[in-house]
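To start, the structure under review is shown below, and the notes come after it.
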Protein chains: 2
Amino acid sequence: MTAAPASPDPDPEAPAAPELPAAAEAPAAPDPAPDPGTDPDRTALHAWRGLRTLLLERHDRRKEVADALGMSFNRVKALRRVAAEPLTLRALAEFLVVDAPYTTVIVDDLVRRGLADRTPHPDDRRCKVVRVTAAGRAAAREADRIMDTPPPALRTLAPRDLAALDRIVAELLG
Amino acid sequence: MTAAPASPDPDPEAPAAPELPAAAEAPAAPDPAPDPGTDPDRTALHAWRGLRTLLLERHDRRKEVADALGMSFNRVKALRRVAAEPLTLRALAEFLVVDAPYTTVIVDDLVRRGLADRTPHPDDRRCKVVRVTAAGRAAAREADRIMDTPPPALRTLAPRDLAALDRIVAELLG
DNA sequence: GTAGTTGGTTGTGCGGTCATAACTATTTTT
DNA sequence: AAAAATAGTTATGACCGCACAACCAACTAC
C-alpha cells in the first residue's frame with residue numbers, strides 16, 4: 001500500500017493553488033450532458049454518460065478486485081476462467097487473447113501464488129490442464145463477490161424501477 | 001496494426017483442439033446470472049451484470065478512443081481536460097491523480113504530438129499553463145464524439161423506456 | 001533577506017504487458 | 001518412417017505507466 005500521490009484535497013486551510021484568471025470564454029465543458037429534455041438523442045446521451053459515470057468512475061470493480069487480490073485484472077480474469085472450469089493453456093490463451101508464451105507467464109504466476117496448478121491432459125500428453133487449487137477457488141470466489149456487487153443504490157431501488165432497469169438492460173443487450 | 005495473436009476462430013475446418021472430457025461436475029459458471037426472478041437482490045445482480053457486459057465488453061469506448069487517437073486512454077483523458085479549460089500542470093496532476101514528474105511526461109507527450117502547448121502563467125512565473133492547440137481541440141472533439149456515442153440500441157429504445165432508464169440512472173447517481 | 005514552500009523538470013528504475021525467436025515433446029498426416 | 005503440425009516452455013527485449021529522488025526557479029513568510 002502506497003500513500004496517495006495526489007488527494008482530492010478540499011482542505012480549506014490550504015495556501016490556495018494559483019488559479020487561472022478565467023479569460024471570459026465559453027463556460028468550459030458541461031460534462032453531465034446538457035439537458036435530458038425530450039429529444040431522444042439528447043436523452044440517450046444523458047443516460048449514456050450517466051451509465052459511464054456509474055460503471056467506470058463510481059464503481060470500478062476491476063480496480064477494486066485487482067487491489068483486493070493484489071494482482072492485475074488480467075490475472076484475475078485468468079483465475080476466474082480457470083476456476084470456472086479446468087482448461088488447457090491453449091484454451092486459456094484463446095480466452096485471454098494473448099499468445100502462448102505469455103500464457104505460460106500468466107499460469108506460472110498463478111502457480112507461484114498457489115492459486116492454480118498444471119496437470120497432464122488425460123488424452124494428449126502435449127497438453128497441460130490448468131486447474132484451480134483450493135486457495136485459488138477461494139480467491140476466485142472473492143473476485144466474483146466483488147465483481148458481482150452492485151452499487152448499493154441499485155439494491156435499494158424501488159422494485160418497479162429495478163425490474164424496469166433489468167428489462168431495459170436485457171433489451172439493450174439484444 | 002498487428003495481426004490478432006489469437007482469434008475467436010470458430011473455423012469448422014480446424015483440426016479441433018483437444019477438449020477436456022468434462023468430468024461430470026457442476027455445470028461450470030452460469031455467467032449471465034441465474035435468473036431475474038422476483039427477488040430484488042437477484043434482479044439487481046442480473047441487471048448489474050448486464051450493465052457491466054454492456055459498458056465494459058460490448059461498448060468499451062476507452063479502448064475505441066485510444067485506438068482511434070493512437071494514444072493511451074490516460075493521454076486522452078488529459079487532452080480532454082486540457083481542451084475543456086487551460087490549466088496548470090499542478091491542476092492537471094491533481095485531476096489525473098498522478099504525481100508532478102509524470103504529469104510533465106504526459107504534457108511533453110501532448111506537446112510533442114502538437115496537441116497542446118505550455119504558456120507562462122500570467123500571475124505566477126513558476127507555473128505553466130497547458131493549453132490545447134487547434135489540432136488538440138479537434139482531437140479532443142473526436143474523442144468526445146466517440147465517448148459520447150451510446151450503443152445504437154439505446155437510441156432506438158422506446159421513448160418511454162429511454163426516459164425511464166435516464167431517470168433511473170440519474171437516481172442511481174444520487 | 002533568509003528560510004521554507006511550491007511548481008516544474010530530469011533522471012532513474014521497477015513492475016506489468018506482451019511479442020518474437022528458438023527449442024522440446026508430442027501427435028497427426030502422408 | 002518421414003514430414004508437418006500442435007502444445008508448451010524459455011529466453012530476450014520492447015514499450016508503457018508511474019513513482020521516487022534530486023534538482024532549479026520562483027514565490028511567501030518571518
Side-chain angles (χ1 to χ4, degrees), chain A residues 1-6 9 11 13-20 62-63 66-67 69-78 87-94 96-113 116-130, chain B residues 1-6 9 11 13-20 62-63 66 70-78 87-112 116-130:
Chain A
M1 190 68 71
T2 62
D9 196 59
D11 183 354
E13 301 307 325
E19 309 246 332
L20 274 308
R62 295 191 178 192
K63 181 165 170 32
D67 287 351
L69 300 198
M71 59 177 95
S72 74
F73 179 71
N74 245 326
R75 300 294 149 94
V76 175
K77 193 173 168 188
L87 31 49
T88 64
L89 281 158
R90 182 198 192 305
L92 184 59
E94 217 164 273
L96 296 175
V97 196
V98 298
D99 65 1
Y102 189 49
T103 308
T104 293
V105 171
I106 291 171
V107 173
D108 280 351
D109 185 43
L110 293 181
V111 170
R112 194 162 30 73
R113 291 170 188 264
D117 58 11
R118 277 181 253 239
T119 62
H121 190 285
D123 300 347
D124 188 335
R125 301 209 327 261
R126 287 172 306 180
C127 296
K128 286 170 187 169
V129 176
V130 187
Chain B
M1 189 68 71
T2 63
D9 198 58
D11 183 354
E13 302 307 325
E19 309 247 333
L20 274 308
R62 295 191 177 193
K63 182 168 170 31
M71 59 177 94
S72 74
F73 179 71
N74 244 324
R75 300 294 150 95
V76 175
K77 193 172 168 191
L87 30 50
T88 63
L89 282 161
R90 183 203 192 305
L92 184 58
E94 216 164 276
F95 176 75
L96 296 175
V97 196
V98 298
D99 66 359
Y102 190 49
T103 308
T104 293
V105 172
I106 291 171
V107 172
D108 279 351
D109 185 45
L110 293 181
V111 170
R112 195 160 29 72
D117 57 12
R118 278 180 250 241
T119 62
H121 189 287
D123 300 348
D124 188 335
R125 299 209 327 261
R126 288 172 306 179
C127 296
K128 285 169 188 171
V129 177
V130 187

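Letters go in sequence order (proteins before strands), and every chain restarts at 1. What you are looking at is a predicted structure, and each value in this text was computed from that prediction instead of being measured.
Taking atom CD of Glu94(A) as the reference point, atom P of dT6(D) lies 12 Å away to the nearest angstrom. For Leu87(A) and dA7(D), the CG to C1' distance is 14 Å, given to the nearest whole Å. For the pair Lys63(A) NZ and dG16(C) P, the interatomic distance rounds to 14 Å; values are reported in whole Å. Rounded to an integer number of Å, the gap from Phe95(B) CZ to dG7(C) P is 18 Å. Separating the CG atom of Leu96(A) from the C1' atom of dA19(C) is a distance of 15 Å, rounded to the nearest angstrom. Rounded to an integer number of Å, the gap from Arg118(A) CZ to dA25(C) C1' is 15 Å.
In this structure, Ser72(B) and Ala66(B) approach most closely via the heavy-atom pair C-CB, 4.3 Å. Heavy atoms only, all atoms of each residue included: Ala116(B) and Val130(B) are closest at CB-CG1, 4.0 Å.
Taking CZ of Arg90(A) as the reference point, atom CZ of Arg126(A) lies at 10.0 Å (rounded to 0.5 Å). Here the CZ atom belonging to Phe95(B) is positioned 5.5 Å from the NZ atom belonging to Lys77(B), to the nearest 0.5 angstrom.
Remark: Arg118(B) pairs with Asp108(B) by the side chain to side chain donor-acceptor pair (under 3.5 Å) rule, at least two apart or across chains. For the side chain to side chain contact (heavy atoms under 4.5 Å, CB included) test, residues two or more places apart in sequence or in another chain that qualify with Ala78(B) are Leu92(B), Leu96(B), Ile106(B), Leu110(B). Partners of Ala91(B) by side chain to side chain contact (heavy atoms under 4.5 Å, CB included), not counting sequence neighbours, listed by chain and number: Leu87(B), Thr88(B). For Asp109(A), the salt bridge (charged side-chain N to carboxylate O under 4.0 Å, His left out) test picks out Arg75(A), Arg112(A), Arg113(A), with sequence neighbours left out.
Regarding contacts with the backbone of dA25(C), every side-chain N or O of Lys128(A) stays at 4.0 angstrom or more from both OP1 and OP2.
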Between the protein and nucleotides 10-17 of chain D, list every N/O to N/O distance that falls short of 3.5 Å.
from	atom 1	to	atom 2	distance (Å)
dG17(D)	OP1	Ser72(B)	OG	2.8
dG17(D)	OP2	Arg75(B)	NH2	3.4

Can you give me the N/O atom pairs linking the protein to nucleotides 26-30 of chain D at distances under 3.5 Å, or say none if there are none?
from	atom 1	to	atom 2	distance (Å)
dC27(D)	OP1	Arg125(B)	N	2.7

